[in-house]
Amino acid sequence: MYDLAAISSWIEFAVRWVHVITGIAWIGSSFYFIALDLGLHRDRNLASGADGEEWQVHGGGFYHIQKYLIAPDQMPGDLIWFKWESYATWLSGFALLVLVYYLGAEFYLVDPSVADIGTVQAVLISLASLTFGWIAYDQICKSKFGDDNTRLMILLYVILVGMAYFYTSVFSGRAALLHLGAFTATIMSANVFFIIMPNQRIVVADLQAGRTPDAKYGKIAKQRSTHNNYLTLPVIFMMLSNHYPLAFASEMNWLIAALVFLMGVTIRHYFNTVHMRAGNPIWTWLVTALIFVVIMWLSTAPMFQAEEREEAHGPALRFAQAEGFTDVQDIVMGRCSMCHAAEPAWEGMHWPPKGVRLETEHQIAMAAKEIYLQAGLTHAMPPANLSYMQQDERAQIIAWYTAATK
């Protein structure tokens, strides 16, 4: 009953759902503990010997939380470690990267108008870049240069801007911003796996053995945790960007990405300052708004307008040569291209939805799977059936796609 396209779509949906669930768990716990740590009352002489405390109310109950720099006299046996949220988020995200961008590299990863590379080469570049990101970042943090956290953060920003430019020079716009998010998220998750958790284990082992832990382990873990705190919001933006062509399909997409990282800093600076009870820096919201206005302006720069060959080529060829393509092309041109065009004819629409253009033989053939799933197998498109696509036309789309994929 289910064909391969439907199965792959549901698998992608399931993995995406898991990714969102685990991401919420990771980001939620991370933001909570950052806010808790910054907001602890450390001006109280606590009989327990704790470094600070906080009283909170939630769900009809009251919570009394204390933080120990050195463990209490007796270490509890049921110590909770917050780690799986991070690991599960990265693993599900990488699985989604494989499903969408590696297995569909010819459609989503490679754009010949940006860089004429093969799909295998593109996947290898993707994998190598993620690996390079962590190794370079980790080595810089461990070097003398990394002793100054402000200097380190500036260099990290420069690296991220450089990677933004690199990705937009080799991948499609959609894949470029997604990869910049994956590049950053890999650093964040690797921080947890390779640095924060091992350092915590050393500290716990020392405490259990009655030894005084070396303060450097806590200092290093704190540094990496701070980096993760400031990188989280830009990563979310990058992961959402593939739904918004104004973000990924602009010629200035690399600069948009660079500015998004600055917005992440200004937003987190506000919340971190408030949680520390160190003031209310409203100016950060003004700066954030100004940066966002600049991003909106940059997004209207000419979108990628690669010259398309009228005849299908590459992976689109088999769909263009399949039985029924001529009829489907007429259907799409009549029912879909008034919106999915370089200059949409639909009133009030200035760009094609999600950057998808369906004006040429090549464009239609390249979008075969989406047309099949959204206008053939389901009635998602046209939205509200505004162009009055008939049931027999949807049947023709199904027949054409089936013929091409046999």
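Hydrogens, waters and symmetry mates are skipped; everything else that's a heavy atom, side chains included, is used. Since the structure is predicted, the reported quantities are computational estimates derived from the model, not experimental observations.
- Of the possible donor and acceptor atoms, one in the side chain of T378 sits under 3.5 Å from a partner among the backbone N and O of L373.
- Pairs passing the salt bridge (charged side-chain N to carboxylate O under 4.0 Å, His left out) check and including a residue from residues 163-190, sequence neighbours excluded, do not occur.
- Panel note: side chain N149, backbone G146; no donor-acceptor pair is recorded below 3.5 Å.
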Verdict with supporting geometry, F166 and L180, side chain to side chain contact (heavy atoms under 4.5 Å, CB included): CA-CA 10 Å; F166 169 75; L180 186 60; over 6 Å; no
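- Looking only at distances, no side-chain donor or acceptor of S9 sits under 3.5 Å from a matching main-chain atom of A6.
- Using a 4.5 Å heavy-atom cutoff, the side chains of L156 and Y230 are not in contact.
- Under 3.5 Å, the side chains of Y101 and S126 contain no donor-acceptor pair of N or O atoms.
- For the pair R201 and Y217, the cation-pi criterion (under 6.0 Å, within 45° of the ring axis) is not fulfilled.
- Counting only residues at least two apart or on different chains, the ring-ring contact (aromatic ring centres under 6.0 Å, His included) pairs with a member in residues 179-204 are Y87-F193, W134-F194, Y167-H179, F171-H179.
- Scored by the side-chain contact (heavy atoms from CB on, under 4.5 Å) test, L38 finds I34, N272, H275, M276 as partners (sequence neighbours excluded).
- Atoms SG and CD, from C141 and Q223 in turn, are 5.0 Å apart once rounded to the nearest 0.5 Å.
- When atom types are taken as modelled, the side chain of Y157 and the backbone of A258 share a donor-acceptor pair closer than 3.5 angstrom.
- At distances below 3.5 Å, not a single donor-acceptor pair connects side-chain atoms of S250 with backbone N or O atoms of L246.
- Panel note: side chain Q329, backbone F325; no donor-acceptor pair is recorded below 3.5 Å.
- Taken from CD1 in I27 to OG1 in T22, the straight-line distance is 9.0 Å, to the nearest 0.5 Å.
- Judged by distance alone, with hydrogens and angles left aside, the side-chain atoms of S225 form no donor-acceptor pair with the main-chain N or O of A221 at under 3.5 Å.
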Could you check V332 against V328 for side chain to side chain contact (heavy atoms under 4.5 Å, CB included), going step by step and ending with a plain yes or no? CA-CA 6 Å; V332 171; V328 169; 4.1 Å; yes
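- Side-chain N or O atoms of S172 include none that pairs as donor or acceptor with a backbone N or O of D111 at under 3.5 Å.
- E359 places a side-chain N or O within 3.5 Å of a backbone atom of A342 that can act as its donor or acceptor partner.
- The structure places CG of L259 at 6.5 Å from CG of L298, a figure rounded to the nearest 0.5 Å.
- Under a cut-off of 6.0 angstrom, the local environment of CD in E343 is sparse, with at most 12 non-hydrogen atoms contributed by other residues, nucleotides or ligands.
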Quick one, F31 with T232, criterion side chain to side chain contact (heavy atoms under 4.5 Å, CB included). Give me CA distance, side-chain angles, the key distance, then yes/no. CA-CA 9 Å; F31 278 11; T232 299; 3.9 Å; yes
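- In the displayed structure, M349 atom CE is contacted under 6.0 Å by more than 12 heavy atoms of other residues, nucleotides or ligands.
- Sorted by first and then second residue, the side-chain hydrogen bond (donor to acceptor under 3.5 Å, both in side chains) pairs with a member in residues 186-200 read S86-S189, W90-T186, Y137-N191, N191-R224, N191-N228; sequence neighbours excluded.
- By the salt bridge (Lys or Arg N to Asp or Glu O under 4.0 Å) test, D206 is found to be paired with R211, residues two or more places apart in sequence or in another chain being considered.
- With a 6.0 Å radius and a threshold of 12 heavy atoms from other residues, nucleotides or ligands, Y244 has its OH atom at or below the threshold.
- Applying the salt bridge (Lys or Arg N to Asp or Glu O under 4.0 Å) test to E106 and every residue at least two apart in sequence or in another chain returns nothing.
- Contact check for I140 versus I159: side-chain heavy atoms found under the 4.5 Å cut-off.
- Summarising the local packing, NE2 of H58 is surrounded by 12 or fewer heavy atoms from other residues, nucleotides or ligands at distances under 6.0 Å.
- Each side-chain hydrogen bond (donor to acceptor under 3.5 Å, both in side chains) pair with one or both residues in residues 30-39, not counting sequence neighbours, appears once here: Y32-Q56, D37-R42, D37-K67, D37-K222.
- For K83, there are no salt bridge (Lys or Arg N to Asp or Glu O under 4.0 Å) partners at least two apart in sequence or on another chain.
- Scanning for ring-ring contact (aromatic ring centres under 6.0 Å, His included) contacts around H379 gives an empty result, with sequence neighbours left out.
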Given the rule in the side chain to side chain contact (heavy atoms under 4.5 Å, CB included) test, do L97 and H19 qualify, once you have shown the distances and angles that lead to the verdict? CA-CA 11 Å; L97 184 68; H19 186 52; over 6 Å; no
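- Here NE2 of H269 is found 12.0 Å from CG of N229. Values are rounded to the nearest 0.5 Å.
- For A404, the side-chain contact (heavy atoms from CB on, under 4.5 Å) test picks out F319, A322, with sequence neighbours left out.
- Side-chain contact between L46 and Y68: absent, with no pair of heavy atoms (C-beta onward) separated by less than 4.5 Å.
- Applying the side-chain contact (heavy atoms from CB on, under 4.5 Å) test to P383 and every residue at least two apart in sequence or in another chain returns M381.
- Around atom CG of N45, no more than 12 heavy atoms belonging to other residues, nucleotides or ligands sit under 6.0 Å away.
- For E85, there are no salt bridge (Lys or Arg N to Asp or Glu O under 4.0 Å) partners, not counting sequence neighbours.
- Around CZ of F145, the count of heavy atoms belonging to other residues, nucleotides or ligands within 6.0 Å exceeds 12.
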